[in-house]
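Each chain gets a letter, A, B and so on, in the order its sequence line appears, and its residues count up from 1. Here the structure is a predicted model, which means the values were calculated and not measured.
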Number of protein chains: 2
Amino acid sequence: MMSMYTKNINTHLIEIKDYFKVAISVDCVIFGFAEDKLKVLLIKSDLNEYKGKWSLLGDIVRPDEELEKAAYRILSDRTGLENVYLEQVQTFGAVDRHPAGRVITVAYYSVVNLAGICLQAANPELHWVPVETIRDMAFDHRQILEVCLDRLQQQMMVQPVGFNLLPEKFSLRALQVLYEAVLRRELDRRNFRKKFLSMDLLDDLQEEESDVPHRPAKLYKFNFNKYEQHRKRYLAIAF
Amino acid sequence: MMSMYTKNINTHLIEIKDYFKVAISVDCVIFGFAEDKLKVLLIKSDLNEYKGKWSLLGDIVRPDEELEKAAYRILSDRTGLENVYLEQVQTFGAVDRHPAGRVITVAYYSVVNLAGICLQAANPELHWVPVETIRDMAFDHRQILEVCLDRLQQQMMVQPVGFNLLPEKFSLRALQVLYEAVLRRELDRRNFRKKFLSMDLLDDLQEEESDVPHRPAKLYKFNFNKYEQHRKRYLAIAF
DNA sequence: ACAAAAGTGTTCAACATACACCCATGA
DNA sequence: TCATGGGTGTATGTTGAACACTTTTGT
C-alpha cells in the first residue's frame, strides 16, 4: 500500500485491482522552450508493456488529496518549481487505457521556464523532448499530449501563457520565435512587434542582450499586473 | 452493490466507502432554450443534506463503461434523445464535495432542442429551470453549472453549437434571441443578420412562419455539412 | 389604420496583412 | 567591411459597430 505513494503509477505496475475498483491519476504535460523548440518533460516508462517508450509525468491521486494539489505535487517533485502556471485540460478514462486496471486520469498542462530547472538527480530517465520528434508514447499519452498541445496553442492566442516559457527578461525576437514554434507558423516580424508593443504590456527594461554577434536587442518584461487590470473580454462571433 | 447501478449517486446516499476508495461519476449540464430563456435540466435532490435543492443529472460511471458512454446514457435515460451534442468540460474532485465519500465527477455539457423532448414520466422531479433564476444547488453543482455556462458562451462564439438548441427550422430573429440569451448582451439586428447571412451556412428554406400576428419571418436551416467542409481555423493573437 | 416585427445599406473606426530599407554590433 | 539580426512605417483590405426607414402581415 505504501508503494502506491512513492512509486509512479505510470512507470511501475501496481495491482490496482486489489485496492480500488477505479483509480484516479493525474498526468502533467509540462512544456518548456529551449533551442527555439517547444519541449515536453517526459520519462522513459519502466512498465514491461511500454518498455523504453516515453511517458508523461503522473501519479495516482491520494484519497485525501485535491486534484490540483496532486498536479502541483508532481510538478514540484519533478522540477523543483513552485507557483507555476497549471491548467486542467481533460480527463481520459478509456476502460483499457492502463494495463493495471481501470485508471482514470486527469490531464493538466503546465508551462515553465526550462532554464530555471534542475531536473532531480534521482531521475536520469527524465528528459526534455522536442514535441515534433515525439512519435510513440506509453498508454494513451500521445493522445493526451496532442490534446494539451491544442489547448496550449489556443491559450497562447488569447492569454499571456507564453511568457511563462521565457526567462523574465526577453527580447521581442525570442518572443516571436516562441510563438512561431508553438503555433507552428511563421509570423511577420514588423506586425508581430507592432502588435505586442501596442498592447502596452511589455515593460522596456532599458537593457540589452550581451554576447551576441550582432546588434543587441532590447529586453522586455511582461507586466502581469497591468494585464490583470485591463483584461480584455472576448467578443466576436466567428466560425 | 446492485443499487450502485440503478440508483443515482447524487440523489440517493450510498456508502461508497464500503465499495470504493474513490468513485467516479459523470454530471451532465443539459441546456435547452424556451420562452426566450436559456434553461438547464435539473432534478430535486433526494439527499437529506440537500433536500429540495436543485441537482444536476449524474450517475456513477460503471467499472467497464467509457466516460462519454456514461454521459450519453444519462442523457438518453433522462431525455430519450440520442446523438446529441455533448462535450467534456472539466473534472471536479474536491475531497469533500460529496457527503458519501470521495466522488470525483467529470462534467459534460449538452445542448438539446427542448421542444423535441418528453421528460420521463417516472421523473416528476425533473424540470427545465431558467439559468438566471438558479441560486443554491446541491453539492458543488452551482460551480459546475457556472463553468459549463462559461464554456457554452465561449463555444457559441466559435462553433455552431447554438443551432442544436433550436428546432431544425428557425428564423433569424429566433437565432438572435438565442444568442442574446446565452451571451447575456444585446446585439444589433442588422449586423447580426449580415454576419450570419454572409457566413453562407444557412439554407433558405423558402418557407415562412405562420400564425404570427405580424409579418412572418423566413425560415432557415443550418447547413452542418457545408460547415464541416469550410471550417475556419482560428488565428488572431489577442489578449 | 394601426400595431408589431421583418427586412435592408452606408459610413466610420479598428485591426490584420503585406511589404523593404537603414541601423548597430562583433568578427 | 561584412555578416547578422535589430529596428521601423505605410498602404490596403477586412471586419465590427453604429445607426433609421420601409415593408409585410394580422387585427
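- Heavy-atom distances to DNA chain C give each of B/A174 and B/K194 a nearest nucleotide, and the one nearer the 5′ end belongs to B/A174.
- Between A/F224 and A/F222, the ring planes are perpendicular. Angles over 60° get that label, and only those under 30° would be called parallel.
- Classified by interplanar angle (parallel below 30°, tilted 30° to 60°, perpendicular above 60°), the ring pair B/F139/B/Y50 is tilted.
- Remark: P of C/dA24 and CD of A/E208 are 11 Å apart, rounded to the nearest angstrom.
- Residue A/N191 places its side chain closer to D/dG9 than to any other of D/dG5, D/dG9, C/dG9.
- Summarising the geometry, the separation between NE2 on A/H214 and P on D/dG5 is reported as 6 Å, rounded to the nearest angstrom.
- Side chain A/R189 to base D/dG7: a donor-acceptor pair is found below 3.5 Å.
- One cannot find a donor-acceptor pair under 3.5 Å joining the base of D/dG6 and the side-chain atoms of A/R193.
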After noting the C-alpha distance and the side-chain angles of A/R151 and A/E87, does the key distance pass the salt bridge (Lys or Arg N to Asp or Glu O under 4.0 Å) rule? CA-CA 10 Å; A/R151 179 71 66 95; A/E87 185 178 306; 3.2 Å; yes
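- Atom CZ in A/R185 sits roughly 12 Å away from atom C1' in C/dT17 (whole-Å rounding).
- Atom pair A/D188:CG and D/dT12:C1' shows a separation of 14 Å (rounding to whole Å applied).
- The ring of A/F196 has its center closer than 6.0 angstrom to the ring center of A/Y179.
- Phosphate proximity of D/dT15 to B/K195: absent, as no side-chain N or O sits under 4.0 Å from OP1 or OP2.
- Summarising the geometry, the separation between CD on A/E180 and C1' on D/dG5 is reported as 14 Å, rounded to the nearest angstrom.
- Between A/P213 and A/L197, it is A/P213 whose nearest contact on DNA chain D lies nearer the 5' terminus.
- In this structure, B/I237 places its CD1 atom 13 Å from C1' of C/dC15, rounding to the nearest Å.
- Between B/E186 atom CD and D/dA17 atom P there is a gap of 14 Å when expressed in whole angstrom units.
- For A/R190 against C/dA20, a side-chain N or O and a base N or O form a donor-acceptor pair under 3.5 Å.
- In this pair, A/F239 and B/F163 present their aromatic rings perpendicular. The plane angle is above 60°, beyond the 30 to 60° band.
- Residue contacts for A/R173: at a heavy-atom cut-off of 4.0 Å it reaches the sugar-phosphate backbone alone, with no base atom in range.
- Rounded to an integer number of Å, the gap from B/F239 CZ to C/dC15 P is 15 Å.
- For the pair B/V212 and A/P216, nearest-nucleotide mapping onto DNA chain D gives the more 5' position to A/P216.
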